[in-house]
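First the structure, in the form of structure tokens, and then the observations on it.
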Amino acid sequence: MGCVVAVLLGIVLLCLAGFLAGRIVATPDLGAAVRGPDHGTDVSQIAAASAASIALQLASHDHAVIVLSEKDLTVLARQRNPDPEKFLRPEVRVRSGFMLLSAETTVGPLHSIAVAHVTVLLLGVTEGSARVETDITGLTMGRLDIPDPLRPGLDPRGNGALSIDPIFNDPGLKDLRSTLECIFIGNDGVHIGFHKPGVKADTTSCHPPELSSPI
């Protein structure tokens, strides 16, 4: 009887391993290819384009909104890739209110596409020290959901997997950090709002499409 149980258990484990391997190597549904305007090949170029657009808008309005496209976000992700040999060809898509950060990687002998579901939050606006924080709400390998305790083993950056905040340390945007007023993930990219110095921040200015001006 013991041998029969061991054989059955072995079969079950093999089936489970096969199922998990199949889910890991399966191609995730990411939708259309990365899209949107391309505003530069590195952070400094994107920051310079953003600063120029903000200055132009604030010349005639109290508030300005720029949009970082999927192509811009992909540039940021690739420039901040912590391990280019482990995470190949990172891409960022904006889908259903989230940024989807995907990269090709391996799990043992298996080739897979890891996908982090990332949202953003703007903090410190009222204190004059605004900063953008990211939060990973989900992580998948292929089509397999990864439990929270296992995430650090795949990406030690945790919620810093796609941080937009460092772009505001670039000389082109550094002086505008104190005028950040809102951030919003739209259908065309990440909307970021600014206000003129001395003007009260409007945390809703990122939402109306008529105020959104692509850089």
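Residue numbers start at 1 and run along the sequence shown.
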Check for me, please, whether [X] and [Y] land in the same ILVMFWY cluster - side-chain distances under 4.5 Å, paths through other members count.
X: F184; Y: V190; answer: no
X: L58; Y: I183; answer: yes
X: L100; Y: L139; answer: no
X: I136; Y: L76; answer: yes
X: I113; Y: M99; answer: no

Enter the distance from [X]:[atom1] to [Y]:[atom2] here, rounded to the nearest 0.5 Å.
X: L110; Y: T105; atom1: CG; atom2: OG1; result: 11.0 Å
X: F168; Y: R177; atom1: CZ; atom2: CZ; result: 7.0 Å
X: I164; Y: R131; atom1: CD1; atom2: CZ; result: 15.0 Å
X: L180; Y: C206; atom1: CG; atom2: SG; result: 9.0 Å
X: H63; Y: D202; atom1: NE2; atom2: CG; result: 5.0 Å
X: L176; Y: I54; atom1: CG; atom2: CD1; result: 5.0 Å

Check: Do E70 and T74 meet the criterion of a side-chain donor-acceptor pair at a distance under 3.5 Å?
Finding: no
Check: Taking atom types as modelled, is there a side-chain donor on S44 or D170 under 3.5 Å from an acceptor on the other?
Finding: yes
Do [X] and [Y] have side chains that approach each other closer than 4.5 Å (heavy atoms only, starting at C-beta)?
X: L173; Y: S50; value: yes
X: V43; Y: V75; value: no
X: D62; Y: H195; value: no
X: S53; Y: L56; value: no
X: R78; Y: R89; value: yes
X: D29; Y: R143; value: yes

Any idea which heavy atoms bring [X] and [Y] closest together, and the distance?
X: L122; Y: A130; value: CD1-CB, 4.1 Å
X: V118; Y: I185; value: O-CD1, 4.1 Å
X: G97; Y: T119; value: O-OG1, 4.5 Å
X: S205; Y: E181; value: OG-OE2, 2.6 Å
X: V92; Y: A77; value: CG2-CB, 3.8 Å
X: R93; Y: S102; value: NH1-OG, 3.7 Å

Next item on the list: Apply side chain to side chain donor-acceptor pair (under 3.5 Å) to T203 and list each qualifying residue two or more places apart in sequence or on a separate chain.
Entry: none
Any donor-acceptor pair under 3.5 Å from [X] side chain to [Y] backbone:
X: Q57; Y: V65; value: yes
X: K71; Y: V34; value: no
X: S69; Y: D72; value: yes
X: N81; Y: F87; value: yes

Margin query: Using side chain to side chain contact (heavy atoms under 4.5 Å, CB included), reason through L68 and I46 one step at a time and then give a plain yes or no.
Written below: CA-CA 9 Å; L68 296 180; I46 294 173; 3.9 Å; yes
Checklist line | Heavy atoms from other residues, nucleotides or ligands near NZ of K174 exceed 12 (cutoff 6.0 Å) | finding: no
